[in-house]
Amino acid sequence: MMMIRGNSNKTLKMAAKSLVCVLVVLALVYVLPTFQKYQLSQLLIYAIACLGIHLCWGRAGILPLGQAAFFGAGAYSFGLLLKGNASDIFTASLLFLFSVIAIALVAFLIAAMILRRQVGPSPQFAIITLALTILFGQIALSWSSVTGGFNGLLIPVISGVDPFSDAFFVVICGVTLVCYTIARWVGGTPLGRLWMAAADDELRVQLFGFATHLLKAICFAIGAGFAAIAGGLFALHQGLVTPQNSGFVFSAELLIWTALGGRKHPSGAIIGAILAGVLSLALRDKIIWWELIVASLFILVVLKFPGGIAGGFLTLISRYKGNSGNQEVQPIRPPADEVDKATLAREITVQKVTVDAGPVRIIDNLSLDIKPGVTQCIIGPNGAGKTSLFNAMTGMMPPRSGDIIAGTKSLNTVPAWHLQRFGVQRKFQTPRIFVSLTIRENLWIAMWSKHLQRRDYLSHAPLKWHLDIIDDAAQIFDFLRYPDMQAEELSAGERQQLELVMIHLCAPTILLLDEPCAGLSPRETAMVADFILTQQKQSGATCVIIEHDMALVSKLAARVIVLHRGKLLAEGTWQAIQKNAEVRAVYAGGIK
Amino acid sequence: MFEATIDVFWLITVTMLTAFGLAVIFGMLKVMNMAHGEFITIGAYSVVLIDQTGLPWAVGVAVAGIVAALVGLCIERGIVRHFYDRPFDTLLATWGISLVLRELLEIIFGRGYRNVSPPIDGMMPLSFASDAGYPAWRLMVMAIMILAAIIGWLWYRRSRVGLLVAATVENPVLARSLGMSTGKIKTGVFMVGAASGGIAGALLSPGLRIDPLIGLDYLISSFLALVIGGVGSILGFVFGAGFVGLTNGAVAQLAGPTNGYVALLVLAIIVMWRFPSGLIGLLQSRRSQFQLAKINDDD
């Protein structure tokens with residue numbers, strides 16, 4: 001009953017919003033004189049391209065310095081397609097769609113290739129996009145037999161399409177609203193949250209099983225698609241495309257407008273394009289220093305006010321309204337996962353593994369077994385190679401020789417996002433969580449790692465998922481009772497605990513925990529140890545813990561592995577290790 | 001044929017000269033300095049100004065270095081310094097700075113082309129068989145660069161500066177606690193990068209049609225050299241610059257400058273896709289494996 005009312009409320013709200021939009025557009029049609037409508041259409045077209053920048057930069061953390069390349073590509077390709085074909089509206093729309101999709105696909109390919117090996121924010125990718133736009137401008141200029149060179153490409157007239165007509169203005173408004181709605185909606189879907197998480201900490205998202213370069217490439221493709229739509233409309237609007245419409249100066253303008261308007265919210269793109277457009281039309285010729293002022297403002301906004309105008313407004317509104325918080329929704333259980341049980345590993349075999357970092361040998365011909373279903377601790381003095389062993393097991397430091405085998409699969413050069421398939425999860429020594437998301441969203445992303453199917457990426461159902469482990473954990477860790485808190489506000493200890501809970505949500509069969517209690521108070525340490533033990537008992541997972549606190553080791557470990565200088569020094573029960581003379585010698589400061 | 005070879009060498013020289021500053025600042029400070037091209041432009045315009053006063057070209061080169069270093073000082077102290085741990089923001093900020101500098105140059109000098117007369121006239125005959133020659137000043141610039149590279153490298157290897165910079169980059173907190181003024185070291189590195197851009201612009205100025213926008217192409221080709229060669233090693237830098245100069249020269253001569261650019265960009269994308277640490281990464285991992293194998297055999 002609750003759910004139904006909630007839904008109808010939502011529908012009502014949406015209907016009201018669309019009605020307001022329609023009324024505003026109609027009002028503009030009647031109030032504005034024809035030429036101003038024509039000018040406003042142009043600014044709205046720019047706003048569509050800026051929406052693409054918002055998605056890439058504000059959501060996925062990709063910097064598109066060359067948005068104009070795709071704008072120009074959209075304009076030129078649409079113009080060229082029109083030239084060779086019949087020009088009724090229906091054919092024209094088909095050609096328009098075709099060129100937009102083709103451009104988005106090319107953008108996807110380029111981004112997927114480059115981002116494949118780039119984890120985290122990539123200045124390199126940003127500059128490649130800048131190089132693309134410079135190249136595109138050059139081609140438009142020099143390939144004059146096709147593009148018309150410096151004078152530009154004349155766009156053939158489509159019968160019935162008049163850029164000065166009211167109908168054209170309404171269509172532009174409609175397309176802008178549709179693009180805005182898409183940008184806003186996709187930001188709220190699981191895909192949008194994964195983009196934001198990847199912008200925070202891409203490696204962490206990869207370890208949750210997501211091929212982030214593909215997700216980011218999708219974002220870049222949508223952004224390029226928006227630019228291509230804008231470019232095609234621009235071609236119709238102007239009847240002419242020139243090399244300037246694809247050059248780096250125009251790219252810079254689009255990026256600056258988005259930054260000033262506010263890159264983090266789709267409304268920022270529209271505010272930025274319209275405001276900057278209106279102001280520059282009015283002031284560009286009156287003030288010599290205009291471009292200088294705009295560029296300086298850009299620097300200021302990037303460094304000091306990343307939210308831009310829209311960000312400022314939204315903070316004001318939320319302060320005025322108070323935090324409305326999320327409506328309580330009926331939680332639902334995620335569908336049963338379709339992970340192939342056969343690929344899940346329960347034990348890891350390390351066979352004669354050697355790992356080097358530059359000239360230093362970190363792990364030296366090491367062989368050991370991680371036994372299934374047991375909690376085991378790895379101890380050893382600093383520099384023994386403990387964390388490096390985890391790095392080698394998770395593909396971050398590929399061994400120079402030897403094999404690391406999980407179940408039947410080799411982990412030597414496996415990409416980070418495949419580990420989840422083998423059931424391997426890792427917690428880092430310095431906690432890695434998504435600071436720009438809420439606690440609830442952090443937990444979602446962990447839950448999605450196992451259960452998100454392809455069809456779920458754009459669905460809202462995964463935003464209601466809930467697992468019992470969260471309730472269990474909330475009994476122990478207080479901060480989980482405030483799921484709408486920003487993860488940024490958590491203390492270092494709470495971050496450790498959040499990451500620990502998150503990796504347990506993936507139902508791993510092998511847990512690699514790197515000092516899960518580092519920096520915790522004795523009370524917190526006891527809570528964490530308790531959680532790890534309870535969960536291990538319930539799931540029967542294999543648990544490997546790197547730990548320095550010997551009291552904790554004695555409490556947690558059924559089996560202890562001692563590493564020293566990259567070699568196995570001893571292994572056995574805690575009692576046996578305690579009595580081992582060699583281990584004692586090492587810990588007393590001796591060198592074997 | 002001989003002339004074509006020298007031409008390719010010239011292009012490699014140009015890439016090395018222009019890319020050095022970008023490589024230093026990105027390699028050591030992890031800042032992608034988008035205003036690098038404008039340092040080159042500033043250098044070229046410095047020579048234009050000095051040329052008008054009638055002072056010799058060498059003075060112009062020196063002034064170019066000093067002016068660019070001072071601009072670099074202002075940028076580093078004023079803006080970049082506060083954002084070293086935010087790679088995107090330094091990129092965008094320096095990009096904004098490059099727009100500002102371009103606008104300023106346009107306000108001061110206008111959009112028109114400027115020229116500088118070469119410091120030494122005449123052509124150097126390249127063979128006894130023909131009268132064809134090569135511009136003498138270019139040969140001089142190549143000689144200057146090779147000399148400067150050798151001296152600079154020897155100095156860097158022997159001086160303490162190299163060690164201090166390495167320590168600052170590797171572990172700034174520790175370096176500070178050991179009494180190194182890491183802030184000043186970083187400022188110094190940034191200024192060296194800026195100055196080398198200015199000097200490059202000055203050295204190349206005689207062959208350029210100087211306008212406020214020339215920096216951008218240099219930024220892109222320098223960046224491509226960095227990506228293709230690999231960041232962080234001198235060998236990688238030489239390799240990358242060589243590759244860019246070679247490809248640019250060969251393809252541009254055969255199929256026009258736009259196709260040269262296309263070839264470079266495609267090459268860079270493929271390198272980023274297959275060999276993220278650059279072409280030198282391939283060689284180095286082989287070499288270090290080889291060295292380690294040798295060490296282990298000695299055991």
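Being a predicted model, the structure only gives us computed values, none of them experimental.
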* To do: Pick whichever of A:Ala112, A:Ser122, A:Gly120 has the most heavy-atom pairs under 4.5 Å with chain B.
  =>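 Among the listed options, the one with the most contacts to chain B is A:Ser122.
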* **Most chain B-contacting option - heavy-atom pairs closer than 4.5 Å, from A:Met113, A:Gln118, A:Gln138** =>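 Result: the option with the highest number of such pairs is A:Met113.
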* So which heavy atom on A:Ala295 is nearest to which on B:Gly96, and how close? ->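 Nearest heavy atoms, A:Ala295 then B:Gly96: CB-O, 4.2 Å.
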Reported [atom1]-to-[atom2] distance for the pair [X] and [Y], which is rounded to 0.5 angstrom:
{"X": "B:Leu213", "Y": "A:Phe248", "atom1": "CG", "atom2": "CZ", "result": "5.0 Å"}
{"X": "B:Phe223", "Y": "A:Gln124", "atom1": "CZ", "atom2": "CD", "result": "5.5 Å"}
{"X": "B:Met272", "Y": "A:Arg116", "atom1": "CE", "atom2": "CZ", "result": "14.0 Å"}
{"X": "A:Leu135", "Y": "B:Ile220", "atom1": "CG", "atom2": "CD1", "result": "10.0 Å"}
{"X": "A:Ile299", "Y": "B:Thr94", "atom1": "CD1", "atom2": "OG1", "result": "9.0 Å"}

Measure distances from [X] to the heavy atoms of chain B and classify the residue's part below 4.5 Å as side chain, backbone, both or neither.
{"X": "A:Leu141", "answer": "neither"}
{"X": "A:Phe125", "answer": "backbone"}
{"X": "A:Ile127", "answer": "both"}
{"X": "A:Ile256", "answer": "side chain"}

* When the aromatic ring centroids of B:Phe88 and A:Trp57 are compared, is their separation below 6.0 Å? ->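 That pair fails the under 6.0 Å test.
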Hey, can you pull the donor-acceptor pairs under 3.5 Å for the side chains in residues 258-270 of chain B, sequence neighbours left out?
residue	atom	partner	partner atom	Å
B:Thr258	OG1	A:Ser142	OG	3.3
B:Asn259	ND2	B:Ala255	O	2.8
B:Tyr261	OH	A:Ala131	O	3.4

Are there residues of [range] that reach to under 4.5 Å of chain A by heavy atoms, and which ones?
{"range": "residues 98-107 of chain B", "answer": "B:Leu99, B:Val100, B:Arg102, B:Glu103, B:Leu104, B:Ile107"}
{"range": "residues 238-245 of chain B", "answer": "none"}
{"range": "residues 17-32 of chain B", "answer": "B:Phe26, B:Met32"}

* To do: Against chain A, label B:Leu91 side chain, backbone, both or neither, depending on which of its atoms sit under 4.5 Å from a heavy atom there.
  =>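 Just its side chain gets close to chain A.
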* **Which portion of B:Ile97 sits near chain A, non-hydrogen atoms under 4.5 angstrom** =>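 Looking at B:Ile97, backbone and side chain both touch chain A.
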* Would you check if A:Leu303 and B:His82 make a side-chain contact, meaning some heavy-atom pair closer than 4.5 Å? =>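 No, side chains not in contact.
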* To do: Show your working on side chain to side chain contact (heavy atoms under 4.5 Å, CB included) between A:Leu255 and B:Trp95 and close with a plain yes or no.
  => CA-CA 11 Å; A:Leu255 192 81; B:Trp95 191 63; 3.3 Å; yes
